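The block underneath contains the structure these notes are about, expressed in structure tokens.
Count residues from 1 along the sequence. These numbers come from a predicted model, not from an experiment.
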Amino acid sequence: MYPAPKRFLAYSFLLIFSAVWLRAHDAVYLPAFEVAGRESSLHGEASSASQGFVGADELQLSLGEGSGGLLEAVPGMVATQHSGSGKGNQYFLRGFNLDHGTDFAVSVDGMPVNIASHGHGQGYADLNFLIPEMVSMVSYLKGPYYSMVGDFSSAGSASLQLRDLVERDFAEVGIGDYGQQRFVSGVSRELAGGDSLFGLELENNDGPWDLDENLRKRNGLFRYSKGNYDQKFSLTFMGYDSSWTATDQIPEREVESGRLSDFGFVDPTVGGRTSRYSLSANWKRDRGHVRTFATAYGIHYDMNLWSNFTYFLDDEEDGDQFEQADRRQTYGLSLGKVFYYQELWGKQVNHTVILQGRWDEIDKLGLYKTRERSRLEAVREDAASVVSTALAYEATLDWTARLRSQVGMRWDRVDGEVDAIGGLASRKAGDDIVSPKANLIFTQNDAFEWYASFGEAFHSNDVRGMVDGADPLAGSQGSELGLRYQIPGKLNASLAVWDLDLDSELLYVGDAGTNEISGASERNGVDVAVYAALSENLSMDLDYTWSDARYRDAAAGEAFIPGVVEEKLGLGAVYRFGEDYDVSLRYRYFGGRPLDEAGSVFSESSETVSLQVAGRLSDWEWTAQLSNLFDSRDPDISYYYESRLPGEPSGGVADIHSHVMKPRRLQLTLRRLF
């Protein structure tokens with residue numbers, strides 16, 4: 001039985017009633033702004049019920065916070081933060097505590113964001129290098145059913161597309177509670193027969209915490225694009241630099257005793273600094289019934305992260321603070337072709353083939369014991385190299401006017417080499433994996449489309465774990481049944497029932513510098529996503545997901561997977577007063593999470609409401625956003641483990657450690673168009 005809160009039943013009834021009403025009336029209501037997004041038809045294009053895209057105007061109204069909040073546009077996704085704003089978000093989707101992206105692949109214009117063998121966590125996907133206003137669309141694919149996506153994609157993937165230009169130059173100033181100051185600008189010019197885009201973001205923020213966050217964030221972008229429908233080229237440079245002081249999760253025993261406030265801290269010297277510089281190029285050409293495309297990129301990345309989660313548990317004198325360091329260069333190339341309108345067995349078929357390569361040259365992967373950010377000793381310090389190669393093929397075949405299939409196969413190989421600095425000789429490890437994919441799509445009529453999907457995927461493990469004996473690649477197998485119901489311009493609704501099994505695996509734990517055994521697991525659940533244009537001015541969207549995630553152990557029986565969000569509900573509404581004003585309201589709920597395998601400790605559920613009012617007058621635009629409208633003190637994230645504070649027993653105290661949501665806060669933005 002799939003549980004559902006009363007609020008979900010109420011909202012579902014509202015949207016179903018609206019859909020029936022719309023179906024009974026022939027008037028077509030289109031959004032006040034015309035943009036590809038949730039309302040766009042995917043009939044005849046989608047290969048599963050779990051894919052879609054969100055347009056730029058919808059992203060501005062999603063009320064997500066920062067660049068990481070862009071992924072909350074993916075139905076069912078939860079993006080949280082348990083540390084400083086400069087650190088990558090923590091993500092939850094489809095029964096996964098994805099950590100920072102271990103099983104969800106993210107890319108920007110074909111350039112991967114996930115970092116293999118990262119100093120903090122495998123598949124680390126930090127989106128802080130993005131300027132949200134420069135993103136034109138988020139496309140998402142949930143599940144492992146898509147041949148063009150490889151490493152880190154068991155739960156799914158998202159592709160963020162950058163703008164080629166801004167229609168009008170702009171300069172924007174934003175101020176908010178708790179010392180937030182933000183400046184953003186975008187300028188486009190014709191250049192060498194093409195278009196150029198310059199973007200800049202500067203942000204300072206102290207945050208609501210008892211310890212000032214002192215965030216200093218700097219982002220820059222230059223993009224050049226040239227071409228037309230038949231042929232197009234783009235070149236993009238992005239630069240990012242950030243530093244911050246973090247307020248990590250804190251023990252609930254200290255909050256309940258009154259010794260710490262909800263916004264308190266234990267170690268005032270944790271935090272981090274990071275930088276990322278990239279150059280990427282994209283090219284595509286359509287000639288006849290053949291499309292040829294290519295992506296190339298180079299990235300320089302540097303990070304130092306200081307954390308202290310257990311305080312004085314391991315070292316009662318110097319404390320348990322540690323530093324993680326990562327410095328690397330990443331290079332990649334992707335080449336592909338699509339052959340349209342070919343013939344096979346008398347049927348029309350499209351063939352897609354793609355070759356991908358990536359090389360991470362890692363100068364330093366370091367884990368150090370520290371005190372007040374000063375290094376005391378090196379726990380582990382390595383140089384490493386990770387090379388990934390892949391070949392993928394996919395065929396989409398129209399069997400009849402209503403029935404089509406999409407089948408594909410991926411071959412991926414990962415090879416790694418580790419040189420312990422001042423230690424062991426070079427060690428190597430590698431493995432490859434073949435991942436079949438299949439989708440069957442039946443178009444019943446203009447309103448209904450049905451899907452059956454199957455696929456296998458994987459995530460690679462940290463190269464340090466690989467050379468120490470861990471399985472290099474951890475496979476997964478998933479399936480899904482789904483449907484999509486659509487009334488063009490009025491309603492877009494999808495339902496998916498899915499399951500996913502993961503093989504037994506070994507994970508390298510960057511916080512400890514050791515390998516951790518994780519048993520085989522199984523997940524299943526239901527996803528619902530609805531977008532409805534209820535009138536010319538009013539639109540609503542809803543996403544609800546329920547999932548169950550358990551370890552499978554023949555000896556011990558099923559066990560909970562700690563940290564998994566079982567239930568998530570998102571609801572948004574936008575009302576437009578002509579072209580001059582609009583009001584957006586968004587509600588987010590995610591349920592309590594088991595914090596241990598026995599299910600004896602659960603976190604609290606979390607819910608928040610945000611409100612935004614925006615207006616336009618001639619060459620000026622303004623926005624007022626009130627986040628956490630009802631000043632919720634629910635946790636953004638919770639963990640259960642042992643920690644020790646001065647005066648406590650040497651074995652520590654098992655406790656829930658939480659990071660509370662940011663309190664109610666007002667943000668004002670003024671934009672000048674030129």
Side-chain angles (χ1 to χ4, degrees), residues 64-69 79-90 100 119-120 124 126-132 172-184 200-220 239-250 254-255 260-277 301-309 311 319-327 368 370-375 625 627-628 635-637 657-669:
E65 185 166 331
S67 303
T80 67
Q81 182 58 265
H82 74 100
S83 188
S85 300
K87 188 177 178 181
N89 289 85
Q90 195 102 359
H100 300 284
H120 179 65
Y124 191 79
D126 181 3
L127 288 172
N128 281 303
F129 68 90
L130 282 177
I131 304 174
E172 175 180 307
V173 176
I175 58 173
D177 291 330
Y178 310 109
Q180 183 182 21
Q181 302 169 337
R182 186 169 181 262
F183 172 80
V184 185
L200 178 66
E201 178 188 31
L202 309 174
E203 182 177 1
N204 298 335
N205 198 348
D206 288 333
W209 320 107
D210 294 345
L211 175 70
D212 284 350
E213 187 174 12
N214 197 30
L215 174 70
R216 299 294 181 263
K217 179 180 178 181
R218 308 290 183 260
N219 267 333
Y240 160 66
D241 188 82
S242 180
S243 63
W244 68 96
T245 299
T247 299
D248 286 330
Q249 64 266 16
I250 55 177
E254 292 297 290
V255 178
L260 289 180
S261 76
D262 288 331
F263 309 105
F265 62 94
V266 176
D267 187 338
T269 62
V270 296
R273 56 174 178 254
T274 186
S275 61
R276 183 187 188 277
Y277 299 90
Y301 176 83
D302 200 349
M303 182 207 73
N304 296 88
L305 182 66
W306 290 270
S307 306
N308 188 351
F309 305 128
Y311 318 127
D320 299 346
Q321 189 185 100
F322 59 93
E323 176 193 355
Q324 294 163 312
D326 191 307
R327 187 174 66 242
Y368 308 94
T370 59
R371 180 175 181 175
E372 298 179 353
R373 298 199 183 190
S374 296
R375 292 179 183 176
Q625 180 172 325
S627 301
N628 196 359
D636 216 9
I637 198 166
H657 298 70
S658 298
H659 193 258
V660 73
M661 291 180 176
K662 292 181 179 179
R664 180 172 50 235
R665 59 204 180 278
L666 177 65
Q667 298 158 288
L668 301 174
T669 300

Side-chain heavy atoms of [X] within contact of [Y], under 4.5 Å:
X      : Y      : value
Asn308 : Val266 : no
Arg218 : Leu202 : yes
Asp126 : His100 : no
Glu213 : Ser85  : yes
Arg273 : Trp306 : yes
Ile131 : Tyr240 : no

ask   = Which one of Met303, Lys217, Glu203 satisfies the side chain to side chain contact (heavy atoms under 4.5 Å, CB included) criterion with Ser242?
value =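 That would be Lys217; it is the only one of Met303, Lys217, Glu203 passing the side chain to side chain contact (heavy atoms under 4.5 Å, CB included) with Ser242.
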How close do [X] and [Y] get, counting heavy atoms only, and between which atoms?
X      : Y      : value
Gln324 : Gly119 : NE2-O, 3.4 Å
Thr80  : Asn89  : O-ND2, 3.2 Å
Tyr368 : Ala325 : CE1-CB, 4.1 Å
Lys87  : Trp244 : N-CZ2, 3.6 Å
Ala246 : Ser83  : CB-OG, 3.3 Å
Asp206 : Arg216 : OD1-NH1, 4.4 Å

task = Would you please name every residue forming a side chain to side chain donor-acceptor pair (under 3.5 Å) with Ser261, sequence neighbours left out?
result =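 Scan of Ser261 (side chain to side chain donor-acceptor pair (under 3.5 Å), adjacent residues dropped) gives Asp210.
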request  = List the steps and the verdict of side-chain contact (heavy atoms from CB on, under 4.5 Å) for Thr247 and Phe263.
outcome  = CA-CA 8 Å; Thr247 299; Phe263 309 105; over 6 Å; no
Looking at [X] and [Y], would you say the former's side chain and the latter's main chain have a donor-acceptor pair under 3.5 Å?
X      : Y      : result
Asn219 : Asn128 : yes
Ser67  : Leu130 : yes
Gln90  : Ile637 : no
His659 : Gln81  : yes

task = Answer yes if the side chains of Gln625 and Ser627 hold a donor-acceptor pair under 3.5 Å, and no otherwise.
result =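 Note: Gln625 and Ser627 side chains meet the donor-acceptor criterion.
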request  = Using a strict cut-off of less than 4.0 Å between a Lys/Arg side-chain nitrogen and an Asp/Glu carboxylate oxygen, indicate whether Arg182 and Glu201 qualify as a salt bridge.
outcome  =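 So Arg182 pairs with Glu201 through a salt bridge.
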task = Indicate the ring-plane relationship of Tyr311 and His657, choosing parallel, tilted or perpendicular according to the 30° and 60° boundaries.
result =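 Plane angle between 30° and 60°, so tilted.
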